[in-house]
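Remarks on the structure that follows.
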Amino acid sequence: MTERPDNDFDRLTADDLGATLTFDLSRPGRIGCTLPALDVPEASPPPAELLREELSLPELSQLEVVRYFTVLSQRNYSIDTGSYPLGSCSMKYNPKINEDVARLPGFAQLHPMQPAESTQGALGLMHGLQRILAELTGMDEVSLAPAAGAQGELAGILIARAYLGANGGGGRRRVLVPDSAHGTNPATAAMAGFEVASIPSDADGNMDLAALERALDEDGDGVAALMLTLPSTLGLFERRIVRIGELLHAHGALLYGDGANMNAVLGRVKPGDLGFDVFHLNLHKTFSTPHGGGGPGAGPIAVKAHLAPFLPTPHVRQNEGGFVLTTPERSIGRLGSFHGNFGVLVRAYAYILSLGAEGLRAISEAAVLNANYVQARLRDAYRLPYDRRCLHEVVFSGSRQKAKGVRTLDIAKRLIDYGFHPPTIYFPLIVDEALMIEPTESESKETLDAFCDAMLAIAREAEESPDIVRAAPTRAPLRRLDEATAARKPVLRWRREG
Ligand SMILES: *Cc1c(COP(=O)(O)O)cnc(C)c1O
C-alpha cells in the first residue's frame, strides 16, 4: 500500500468522492471499531505461505466510512427524491406505512426454519395475500413463491408445460409472443425450452388477429401457449382479448398473461374473466413495494383451477388446525429457498389493506388519467405512433427530433439537466426512437406539469439549439458514459496497483 502523507478525505468534494474508492482513502492502521480485549491464549499466526497476500481491506475510521457512504447515497436518484417516469417499471411512491409494518418484530425477526405452529401469523398473512390476489385477478389459486416478474413468468410457463404434458400436449413446442410483449416473455419461453414465434401488431397497436389465426391454422397442435402482456408495452389494452383466448383454447393451447403493470386495470377488470389460464403480477410495481437496482421483488402467479395442482412449492393452505405449508400434488417444484421474499409480501399486504377496495380502484383511475394527461400535453411536440387513449403509460416517438439530428437518447440525457429521471427509451422495439413514459398514479398535477414543461422545452431546444440537447447532461456529476465499453469491458473489481 502506498504511503500517503496525511488524510486527504476532508479535501475531497462530493464529486471527487464518486470516483474515489474506500481503498484510495485507506491508511494503514486506521480502524472503524473497538476490538474487545483478547480473552484467549495468544498464539502466533500460521506460516506466511498460508496467508493470502492479496486480501487487502481498506482501513478507515468509522466517521470516514459513514461520510463516504452518506455522500454516495445522496448522489443516488430515487423515488423519494424525484419523479421517475420510467415506462413499464411503475416507479411509484412506496408508502412508509409498508415499512412500519414490515419492521414489526413479529415479522422481521422470524426465522424461515421455525416450525409452522410458531409462524401462524406470517402464514396467515401469506394466505390472506393469496386470497386477495386471487380475488383481484379473478383466478382460483395464487403462489407467492416467485421472487421477480421474470421468475413468475418462468414458473407460469413451466406450469403450462407440465399441464400440457400431463394432458397429451407434451409435443407442443411453440410459444407465440406478440411483438409488443415485454422482452422477458420470449426469454422465458426460450428458457423453458420452447421455440418462440412472434406475432406482429396491427396499425392500432393491437395484436394482428389474422396473423394469430394463420399461425394456429398452420400448426395449432404445435402451439403450447400465447404469452400476452396486458396492458401491452405500448400502454394499450388488447381489445380483442376474449376472442384471442377463445382461439387458443379451441386449439388446445393456453393463454398466459403478463400482468406486471396491473396498476392500469386494477379493480376494473379481472384477467380471469378475460380467458387467461395463468397470469403473473409484480408486487414491486402494482403493489408499491420498493424496487430498482435489482432489489428484492415478488412476482406471484395466479392460475385457474386446472393449473393449481402444478403450482410451485411451498404453497400456503388453511386446514382445521391452522395454516400449513404444502406441496401441490403435481408441483413444478421449488423456485428458491424457503417462502419467497417474505418482507416484500408484508409490504404489499399492508399497502392493499391500507387502501381498501375503493383505494385500489382509485389507483388505476389515477394511473390512467395521469398518462393520458401527459399524452395530451405532449402530443403536438412529439409524434404519437398509436393515437388512441392509453392506459398507465404513453409511448411517443422521437422521430421528428431525429430528423433534426437529435436522438431520443439526447432527449433523455437532457431531461437529467431539468431534474427528471428519464423515461424508458428505445423500447418497445416496434416504435422508432421510442420514449415510454409512465408517470404513475402517485405524482401530482404540479409534478406532471413540470415534467411536461421540461419535455416541451427540450422539443423547442431540439429545433432551435440542438447542440445543447446533444451535449446533455451538463449538470450531472458524470457526463455521457461510454456505454459500449462499460458493457464490453466492464471493470468490476478493484486490484491493488503494482
Ligand atoms: C417489469 C416487467 C417484467 C419483469 O419483471 P421483473 O420483476 O423485472 O423480472 C415483465 N413484464 C412486464 C410487462 C414488466 O413491466
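Source: prediction; values computed, not measured. Counting starts at 1 for both ligands and their atoms, following the listed order.
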query: Using a heavy-atom cut-off of under 4.0 Å, does the side chain or the backbone of N261 touch ligand 1, or both, or neither?
result: side chain
query: Which residue holds the protein heavy atom closest to atom 9 (O) of ligand 1, what is that atom called, and what is the gap in Å?
result: A150 N, 2.8 Å
query: ligand 1 versus H291, non-hydrogen atoms closer than 4.0 Å: side chain, backbone, both, neither?
result: neither
message: Can you name the atoms of ligand 1, numbered from 1 with element, that are less than 4.0 Å from a heavy atom of D258?
response: 10 (C), 11 (N), 12 (C), 13 (C)
query: Would you call D202 and R240 a salt bridge, taking side-chain N to carboxylate O under 4.0 Å as the test?
result: yes
message: Show, in sequence, the C-alpha distance, side-chain angles and deciding distance for H280 and D258, and conclude whether the side-chain contact (heavy atoms from CB on, under 4.5 Å) test is met.
response: CA-CA 6 Å; H280 91 260; D258 178 335; 3.1 Å; yes
query: Residues two or more places apart in sequence or in another chain: which of them pass ring-ring contact (aromatic ring centres under 6.0 Å, His included) with H127?
result: F323
query: Of the choices T424, T184, L283, N282, which has the non-hydrogen atom that lies closest to atom 10 (C) of ligand 1?
result: T184
- prompt: Does E153 have a non-hydrogen atom less than 4.0 Å from ligand 1?
  reply: yes
Of V142, D277, V278, the residue whose pairing with V303 passes side-chain contact (heavy atoms from CB on, under 4.5 Å): V278
query: Looking only at protein heavy atoms, which one is nearest to atom 6 (P) of ligand 1, and how far off is it?
result: G149 N, 3.5 Å
- prompt: Which ligand 1 atoms are under 4.0 Å away from a heavy-atom of T229?
  reply: 13 (C)
message: Heavy-atom pairs closer than 4.0 Å: do any link ligand 1 to the side chain of T233, the backbone, both, or neither?
response: neither
Pairing of D219 and R174 as salt bridge, 4.0 angstrom limit: yes
- line: Residue pairs passing the side-chain hydrogen bond (donor to acceptor under 3.5 Å, both in side chains) test with at least one member in residues 330-343, sequence neighbours excluded, are none
task: Could you walk me through whether F287 and Y349 pass ring-ring contact (aromatic ring centres under 6.0 Å, His included), step by step?
output: CA-CA 8 Å; F287 296 99; Y349 190 72; over 10 Å; no
message: Side chain, backbone, both or neither: which applies to A148 and ligand 1 if a contact is any heavy-atom pair less than 4.0 Å apart?
response: both
Selected option - heavy-atom contact closest to atom 7 (O) of ligand 1, from M262, M227, H284, H280: H284
task: State plainly whether the residues D410 and R480 are in salt-bridge range, i.e. N to O under 4.0 Å.
output: yes
query: What atoms of ligand 1 come within less than 4.0 Å of a heavy atom belonging to A260?
result: 2 (C), 11 (N), 12 (C), 13 (C), 14 (C), 15 (O)
query: So which protein heavy atom does atom 2 (C) of ligand 1 come closest to, and at what separation?
result: K285 NZ, 2.4 Å
task: Report yes if some N/O of S88 lies less than 3.5 Å from some N/O of ligand 1; otherwise report no.
output: yes
- request: Over all heavy atoms of both residues, which pair between L86 and M91 is shortest? Give the atoms and the distance, please.
  value: CB-CG, 4.0 Å
